[in-house]
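A quick note: this is a predicted structure, and the numbers were derived from the prediction, not measured.
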Amino acid sequence: MFFFSKKRKLSKELRSIEKQITTELHYDDDILNEKQKQKLADLRSEAKTVLADTNEKKSEDFITSFEGRYSDIIARKNSAWI
């Protein structure tokens with residue numbers, strides 16, 4: 001069985017978050033407004049900064065706050081069931 005340290009798990013989670021944001025920016029480019037695109041780009045750059053930093057506390061804080069911040073940016077008010 002493999003053992004991954006806490007630091008490695010945080011790093012994998014941060015890379016996953018960065019990939020999720022990049023994918024969202026690429027696939028939904030046509031439906032996101034400029035304000036949302038800018039906020040997502042800022043969030044992605046923050047994820048890269050936290051990933052480059054070695055402080056575990058900053059990583060944990062970013063990961064716990066990410067979901068709420070991401071859902072606030074991506075909230076789609078004008079969606080309809082088709």
Side-chain angles (χ1 to χ4, degrees):
M1 180 154 274
F2 294 101
F3 173 75
F4 294 109
S5 68
K6 184 177 182 181
K7 192 176 203 178
R8 171 126 170 102
K9 288 181 182 179
L10 291 173
S11 177
K12 286 176 72 173
E13 182 73 22
L14 286 169
R15 281 194 303 273
S16 173
I17 286 171
E18 182 185 353
K19 185 177 179 181
Q20 177 182 356
I21 296 169
T22 302
T23 303
E24 182 76 30
L25 280 169
H26 178 72
Y27 289 147
D28 292 343
D29 184 44
D30 57 340
I31 60 174
L32 293 173
N33 61 35
E34 291 302 318
K35 186 177 176 184
Q36 288 174 318
K37 289 178 191 177
Q38 183 59 43
K39 285 184 177 182
L40 282 174
D42 293 343
L43 194 60
R44 181 177 56 186
S45 66
E46 185 180 347
K48 286 182 180 182
T49 305
V50 171
L51 183 60
D53 195 2
T54 59
N55 190 349
E56 289 182 15
K57 180 68 174 153
K58 284 184 183 178
S59 299
E60 289 173 348
D61 291 343
F62 179 79
I63 290 170
T64 55
S65 69
F66 168 73
E67 188 158 339
R69 293 167 61 192
Y70 181 75
S71 63
D72 289 344
I73 296 170
I74 299 299
R76 292 182 172 82
K77 297 174 184 169
N78 297 334
S79 48
W81 291 90
I82 297 175

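From Ile17, atom CD1 reaches atom NZ of Lys48 across 14.0 Å, with rounding to the nearest 0.5 Å. Between the CG atom in Leu25 and the CG atom in Leu32 there is a gap of 7.0 Å [rounded to 0.5 Å]. Here the straight-line distance linking atom NZ of Lys39 with atom CD1 of Ile74 works out to 10.5 Å at 0.5 Å rounding. Note that the OG1 atom of Thr22 and the OH atom of Tyr27 stand 11.0 Å from one another [nearest 0.5 Å]. Atom-to-atom distance recorded for Thr49:OG1 and Phe62:CZ is 9.0 Å, nearest 0.5 angstrom. To the nearest 0.5 Å, atoms OG (Ser11) and CD (Glu56) are separated by 11.0 Å.
Of all non-hydrogen atoms in Leu51 and Arg15, the two that sit nearest each other are CD2-CG, 3.7 Å. Summarising the geometry of Leu40 relative to Ile21, their closest heavy-atom pair is O-CG2, 3.4 Å, with the distance given to 0.1 Å. Residue Ser59 comes nearest to Leu10 through the heavy atom pair CB-CD1, 4.1 Å, listed as atom of the first residue, atom of the second, then distance.
Remark: side-chain polar atoms of Glu18 are not paired, donor with acceptor, to backbone N or O of Ala47 under 3.5 angstrom. The closest donor-acceptor contact from the side chain of Ser71 to the backbone of Glu67 lies under 3.5 Å. A donor-acceptor contact shorter than 3.5 Å links the side chain of Asn33 to the backbone of Gln36.
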For this session: Apply side chain to side chain contact (heavy atoms under 4.5 Å, CB included) to the pair Phe66 and Gln20, showing each step before the final yes or no.
Result: CA-CA 11 Å; Phe66 168 73; Gln20 177 182 356; 3.8 Å; yes

For this session: Test side chain to side chain contact (heavy atoms under 4.5 Å, CB included) on Arg69 and Glu46 and set out the steps.
Result: CA-CA 12 Å; Arg69 293 167 61 192; Glu46 185 180 347; 2.6 Å; yes

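Salt-bridge annotation for Glu60 and Lys9: absent, with no side-chain N of the basic residue lying under 4.0 Å from a carboxylate O of the acidic one.
Few gaps surround NZ on Lys37; more than 12 heavy atoms of other groups in view lie less than 6.0 Å from it.
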